[in-house]
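A, B, ... follow the sequence lines: proteins, then strands. Residue 1 opens every chain. Computation of the quantities below employed the complete heavy-atom set of this structure, encompassing side-chain atoms and omitting hydrogens, waters and symmetry-equivalent molecules.
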Amino acid sequence: MSTSEPSNAILLFRDDLRLSDHPALTAAAQSGQCLTCAFILDPNAPYPPGGARRWWLHHALNALTAQLADLGGKLVLRTGATADVLADLRKETGATHIYWSRRYTPDEIASDTALKADLTAAGCTVQSHPGRYLLEPWRVTTKSGTPFKVFSPFWRASRDEIRAVGLGDPLPVPKNITFADEVATASLEDFDLLPTAPNWAKGFEALWHPGEEGAMARLDAFLEEGAQGYAKGRDFPAEPHTSRLSPYLQSGNISPRQIWAALDRAEHLGQMSGRDAEKFRAELGWRDFAAYLLFHNRDFEDTEFQPKFRSFPWRHDTDALIAWQRGQSGYPIVDAGMRELWQTGYMHNRVRMVVASFLVKHLRIDWRAGRDWFWDTLLDGDLASNAASWQWVAGCGADAAPYFRVFNPMTQAEKFDPDGGYIRQYVPEIAALPDRYLAAPWKAPEDVRAKAGVEIGRTYPAPMVDHATARRAALEAFESLPSPGDDLV
DNA sequence: GCGAAGTTGCA
DNA sequence: GCAACTTCG
């Protein structure tokens with residue numbers, strides 16, 4: 001390029017709300033073009049975020065606006081159809097180039113592909129960059145060239161690839177970004193992303209600090225407080241061995257590569273054992289794997305990966321679904337989890353499995369109902385991870401827990417919340433019970449319950465189903481599924 | 001085509 | 001032990 005006048009470009013932010021380790025932003029900055037940074041709230045965008053994520057988005061956009069202001073720039077907010085808004089912005093700024101971070105879900109790929117084709121036809125150059133995952137989903141395959149269906153070999157191959165090629169160093173915040181002349185922007189309030197009447201997100205504010213700075217603080221805090229002993233401690237919801245980085249990853253307030261680099265540092269400094277660090281890396285691997293599965297199986301989000309499950313006799317029971325959603329199942333570990341979700345926008349990983357197993361197996365309610373509730377209430381709600389995890393629990397996924405594996409909500413509570421710290425926090429109405437009765441309060445002797453002020457069916461619900469009965473019913477329903485040979489007979 | 005392996009459990 | 005089945009090398 002040898003023009004005397006620099007051209008103009010647009011950096012379109014989406015699920016990549018950060019300035020560091022942002023390949024698209026770095027490329028845009030290095031091009032020397034005058035940059036307009038924009039975020040479009042498109043009411044018709046695929047997979048609109050749920051309520052919790054809208055709250056996050058509001059605060060993350062606020063943080064990004066402040067970061068850009070520090071650099072002398074601005075974040076332009078617009079509402080409307082992405083194609084129309086981009087056309088407007090191109091007219092207003094004279095931009096000839098658009099940079100964005102690649103997206104990987106089926107409808108987003110379709111949407112971005114179409115958009116790119118139209119823009120290109122209109123004479124605009126579109127550059128899409130990676131950054132959301134450790135590896136692009138086409139990087140590893142089986143020896144025969146097909147996509148992996150099982151995590152372990154997928155991760156072995158990915159791990160080898162990372163060892164051999166490396167991820168590259170995380171990029172710094174680009175220096176010397178030249179910002180284009182300002183154009184009009186909506187106000188963040190116009191986006192109307194925050195809940196009102198009631199403001200159910202009140203409990204979020206003390207816990208979460210959306211934005212890149214908040215992500216770095218969370219990462220540092222985890223490395224200080226929770227990283228050592230992660231591999232074992234991660235299973236105990238009352239302990240601080242969870243990173244809570246997932247909402248930051250989801251919004252792109254931090255990249256997996258930045259976390260990977262921090263793990264390497266922590267391991268070198270002895271802040272984290274090799275085992276702990278490797279375990280955490282594998283969790284990033286699960287995140288990649290979910291995206292990989294969805295990328296290679298377009299209907300994975302909505303359809304059972306194992307065809308025989310597509311005829312499973314799910315129960316339709318709205319009352320039961322509501323009791324589950326509200327944390328009124330009568331099983332304290334399940335209720336604690338569902339209330340943690342509602343109050344904080346997050347749920348501990350171990351407890352996610354327990355509550356999901358309860359919905360799908362004890363209640364035999366369609367996993368898609370659970371998926372939808374999680375989508376709406378989780379700050380880290382992610383299309384691929386959500387579907388992959390629900391399918392895993394339901395037993396219908398690629399590499400799923402066998403269906404006959406039914407989590408026992410009492411045993412799980414005793415094992416992973418032995419002191420009842422987690423249950424007491426979220427189910428305070430039974431907090432005065434001795435530890436040994438917290439997993440199944442209805443089993444406590446009458447006088448013990450009376451002393452703790454617990455009256456089953458009044459101060460705390462009776463278990464909505466009997467565990468042993470529900471377990472048998474679930475196994476029976478499973479038996480009714482066709483086995484592979486059946487259709488040959 | 002063979003053998004080993006397959007996140008997280010339960011009774 | 002559980003039920004068998006698929007994946008992957």
Undergrad: Of the candidate nucleotides C/dC8, B/dA11, B/dT7, which contains the atom at the shortest distance from the side chain of A/Phe151?
TA: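 Between C/dC8, B/dA11, B/dT7, the one nearest the side chain of A/Phe151 would be B/dT7.
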Undergrad: Categorize A/Phe407 for me: base, sugar-phosphate, or nothing, with a 4.0 angstrom heavy-atom threshold over every strand shown.
TA: sugar-phosphate
Undergrad: Between the main-chain N or O of A/Phe305 and the side-chain N or O of A/Gln391, is there a donor-acceptor pair closer than 3.5 Å?
TA: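 Flag set: sc A/Gln391 to bb A/Phe305 pair under 3.5 Å.
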Undergrad: Determine the contact category for A/Glu283: base if any of its heavy atoms lies under 4.0 Å from a base atom, sugar-phosphate if only primed atoms, P, OP1 or OP2 are that close, otherwise nothing.
TA: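 The residue A/Glu283 makes base contact.
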Undergrad: Is there a side-chain contact between A/Arg405 and the phosphate of B/dT8, meaning an N or O under 4.0 Å from OP1 or OP2?
TA: yes
Undergrad: Is the distance from OP1 or OP2 of B/dC10 to the nearest side-chain N or O of A/His467 less than 4.0 Å?
TA: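 Looking at the OP1 and OP2 atoms of B/dC10, neither is under 4.0 Å from any side-chain N or O of A/His467.
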Undergrad: What integer distance in Å separates A/Phe404:CZ from C/dG1:P?
TA: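 These atoms are roughly 14 Å apart.
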Undergrad: For the base of C/dT7 and the side-chain ring of A/Phe148, does the geometry meet a stacking cutoff of under 5.5 Å between centres and under 30° between planes?
TA: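 A stacking contact does not exist, since A/Phe148 is not both close and nearly parallel to the base ring of C/dT7.
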Undergrad: With A/Leu17 as reference, evaluate A/Trp56, A/Tyr248, A/Phe39 under the side chain to side chain contact (heavy atoms under 4.5 Å, CB included) test and give the passing residue.
TA: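 Of A/Trp56, A/Tyr248, A/Phe39, side chain to side chain contact (heavy atoms under 4.5 Å, CB included) with A/Leu17 is met by A/Phe39 alone.
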Undergrad: Please measure how far the C1' atom in B/dC10 lies from the corresponding atom in C/dA3, and state the result in whole Å.
TA: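 Pairwise C1' distance, B/dC10 against C/dA3, rounds to 15 Å.
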Undergrad: With a 3.5 Å distance limit and no angle check, can you tell me whether A/Arg218 reaches the backbone of A/Leu245 through a side-chain donor-acceptor pair?
TA: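 Answer holds: no.
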Undergrad: Just the rounded figure in Å: distance from P of B/dA11 to CZ of A/Arg472.
TA: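 Those two atoms, CZ and P, are 11 Å apart.
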Undergrad: For a quick check of understanding: with a heavy-atom distance under 4.0 Å over all strands, which category does A/Arg471 fall into, base, sugar-phosphate or nothing?
TA: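 Answer is sugar-phosphate: A/Arg471 comes under 4.0 Å of backbone atoms only.
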Undergrad: Do A/Thr105 and A/Glu301 get their side chains close enough for a donor-acceptor pair, meaning under 3.5 Å?
TA: no
Undergrad: Is B/dT7 paired to anything, Watson-Crick or G-U wobble with both distances less than 3.5 Å, and if yes, which nucleotide?
TA: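 With both distances under 3.5 Å required, B/dT7 matches none.
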Undergrad: From the options B/dT7, C/dT7, B/dT8, select the nucleotide whose nearest atom is closest to the side chain of A/Lys149.
TA: C/dT7
Undergrad: Measure from the side chain of A/Thr411, starting at C-beta and using heavy atoms only, and say which of B/dT8, B/dA11, C/dC8 lies closest.
TA: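 So the nucleotide nearest the side chain must be B/dA11.
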Undergrad: Counting distance alone, no hydrogens or angles: does the base of B/dT7 have a donor or acceptor under 3.5 Å from a partner atom on the side chain of A/Trp286?
TA: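 In this structure, the two groups form a donor-acceptor pair.
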Undergrad: Atom OH of A/Tyr403 and atom P of B/dG6: how far apart are they, to the nearest Å?
TA: 24 Å
Undergrad: Of all the choices, B/dT7, B/dC10, B/dA11, which nucleotide is nearest to the side chain of A/Asp399 once you look at every atom?
TA: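 Ranking B/dT7, B/dC10, B/dA11 by closest atom to the A/Asp399 side chain puts B/dT7 first.
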Undergrad: Once you round it to whole Å, what is the distance between P of B/dG9 and CD1 of A/Ile333?
TA: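 Those two atoms, CD1 and P, are 13 Å apart.
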Undergrad: So, OP1 or OP2 of B/dT7: does either fall under 4.0 Å of a side-chain N or O from A/Ser152?
TA: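 Yes, because at least one side-chain N or O of A/Ser152 sits under 4.0 Å from OP1 or OP2 of B/dT7.
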Undergrad: Do the side chain of A/Arg350 and the main chain of A/Arg234 share a donor and acceptor less than 3.5 angstrom apart?
TA: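 Side chain of A/Arg350 to backbone of A/Arg234: no pair is present.
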Undergrad: Which one of A/Glu212, A/Arg18, A/Glu213 satisfies the side chain to side chain donor-acceptor pair (under 3.5 Å) criterion with A/Gln67?
TA: A/Glu212
Undergrad: To the nearest Å, how far apart are A/Met410 CE and B/dA11 C1'?
TA: 12 Å
Undergrad: Can you measure A/Leu293 atom CG to C/dT7 atom P for me and round it to whole angstrom units?
TA: 12 Å
Undergrad: Applying a 4.0 Å non-hydrogen cut-off, can you work out what A/Lys279 is touching in the nucleic acid: base, sugar-phosphate, or nothing?
TA: base
Undergrad: Which whole number of Å gives the distance between the P atom of C/dG9 and that of B/dT7?
TA: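 Comparing P positions in C/dG9 and B/dT7 gives a spacing of 13 Å.
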Undergrad: Which one, C/dA3, B/dC10, C/dC8, comes nearest to the side chain of A/Asn408?
TA: B/dC10
Undergrad: C/dA4 pairs with which nucleotide, Watson-Crick or G-U wobble, both distances below 3.5 Å?
TA: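 None - no nucleotide pairs with C/dA4, as no candidate has both distances under 3.5 Å.
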Undergrad: Is A/Gln306 close enough to C/dT6 that one of its side-chain N or O atoms is under 4.0 Å from OP1 or OP2 there?
TA: no
